[in-house]
There are 2 protein chains.
Amino acid sequence: MPAGRHPDHAPLELERFVPYQLSIVSNTVSQAIADDYQARHDLGVTEWRVMAVLARFDGLSAREVAERTAMDKVAVSRALARLVAASRVRRHIHADDKRRSVLGLTAAGWKIHDEVAPMARLRERELLARLAPEEQVWLTRILDKLMPQDGREG
Amino acid sequence: MPAGRHPDHAPLELERFVPYQLSIVSNTVSQAIADDYQARHDLGVTEWRVMAVLARFDGLSAREVAERTAMDKVAVSRALARLVAASRVRRHIHADDKRRSVLGLTAAGWKIHDEVAPMARLRERELLARLAPEEQVWLTRILDKLMPQDGREG
DNA sequence: TGCAAATGGTTTCAGATGAAACCATGATGA
DNA sequence: TCATCATGGTTTCATCTGAAACCATTTGCA
């Protein structure tokens, strides 16, 4: 009988438990990427996600940023505060609705984006390079399926 | 004016970026599982991981638990403090090395384990049920490959 | 021996985080 | 017009977390 000392209790094998594996792999790779730009640009994960979204969609409101980053609005608010303070993001007030903000990257923000984005892509390639080509295709397909589709925001 | 695209800046598409997808999927599923046992047993993720490891390997030290759970020793120390306080884990001092602890589940710990483990497995099956059978096989294979190998064996 | 370095584990401090309360503005309806 | 509710966003509070400092014990070695 394999390594279990308590077969009657059917203990979980953590290292073969998919949610655990996902957590480990995710944390390892995210941390590796974050280490790069945190040191170089004093930029947190949440801040980078906000910047990445604003790079694609100029003029979003904070709420829309939250939707697209799967972060909650508190996290977005704080990330924006830091980004605006560092002049990486500009924030106007919406002309027709004074509650909404209108967000976008500044020149400084774009500069950082253009350094970080290729580096992030490189790390992604390094991760995928550990897989055979067909495995890479399957992983992409599988993650697309597992991603929460409609995404109720909070 | 259309919400701006910036092809010259090659912005990252977050929702197709593998590390981001991993993070979302991992957090979603981990949270779903944790919600179950947190409410029912007042048990945190870190505590559950410690219990799962002790269910398989009786008599580990805190350092060994940290290795096997991929948690740092501070987190393990705190999880153990709560588990011991709740009489879910017993802790002796190692006979030949008074620094080491010798850990194991109590009867109460086993009882909780035997309720939580099947539930966790059920959630894992629910996750995998969203995939075709061959995708399930590929995911398992892929995660095994992506898991950081630490050269130790158990 | 004796003393510095290493190790197991805990505590401290400082930053990150989420839930809920909060504030200002905007929409709704009598 | 006013009262009420909804919405965008920020602040507060309590918890969680990791890095580094810390304590006790063990190991290495002159």
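Note that the structure is predicted; figures quoted are calculated from it, not measured.
- C:dT7 atom P lies 14 Å from atom CD of B:E64, rounded to whole Å.
- Going from atom NE2 of A:H92 over to atom P of D:dG9 covers 14 Å, rounded to whole Å.
- Along DNA chain C, the nucleotide nearest to A:K98 and the one nearest to B:L80 differ in position, and the one closer to the 5' end is contacted by B:L80.
- Within the 4.0 Å cut-off from OP1 or OP2 of D:dG8, at least one side-chain nitrogen or oxygen of A:R63 is found.
- With respect to the salt-bridge test (charged N to carboxylate O, under 4.0 angstrom), the residues A:R88 and A:D42 do not qualify.
- Going from atom CZ of A:R100 over to atom C1' of D:dT7 covers 10 Å, rounded to whole Å.
- Side-chain proximity of A:A62 to D:dT26, C:dT25, D:dG9: nearest is D:dG9.
- Under 4.0 angstrom from either OP1 or OP2 of D:dG9 there lies at least one side-chain N or O belonging to A:S101.
- The neighbour count for A:R16 CZ, taken as heavy atoms of other residues, nucleotides or ligands under 6.0 Å away, does not exceed 12.
- Here the C1' atom of nucleotide C:dT17 and the CD atom of A:E47 are 14 Å apart, to the nearest Å.
- For A:R91, a side-chain nitrogen or oxygen approaches OP1 or OP2 of D:dT10 to under 4.0 Å.
- Residue B:L83 contributes atom CG, which lies 12 Å from atom P of C:dT10 at whole-angstrom precision.
- For D:dT26, its base never sits under 3.5 Å from the side chain of B:R99 at any donor and acceptor pair.
- Under the 3.5 Å distance criterion, the side-chain polar atoms of A:Q136 are matched with a main-chain donor or acceptor of A:L128.
- For A:Q38 and D:dA19, the CD to P distance is 11 Å, given to the nearest whole Å.
- Taking atom CE of residue B:M71 and atom P of nucleotide C:dG9, one finds them 13 Å apart after rounding to whole Å.
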Checklist entry - When you check every protein heavy atom under 4.0 Å of nucleotides 11-18 of chain D, what one-letter string (B, S, -) results, 5' to 3'? => result BB----BB
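- Straight-line distance from the CG atom of B:D35 to the P atom of C:dG18: 13 Å, rounded to whole Å.
- Salt bridge annotation for A:K73-A:E67: absent, with no cationic side-chain nitrogen under 4.0 angstrom from a carboxylate oxygen.
- Using a 3.5 Å distance cut-off with no hydrogens or angles, the side chains of B:Q31 and B:D35 do pair a donor with an acceptor.
- No hydrogens or angles considered: a donor-acceptor pair under 3.5 Å links the side chains of B:R49 and A:S23.
- Within 4.0 Å (heavy atoms only), B:K73 reaches at least one base atom of the nucleic acid.
- Classification of B:R123 and B:E126 as a salt-bridged pair holds, one side-chain N sitting under 4.0 Å from a carboxylate O.
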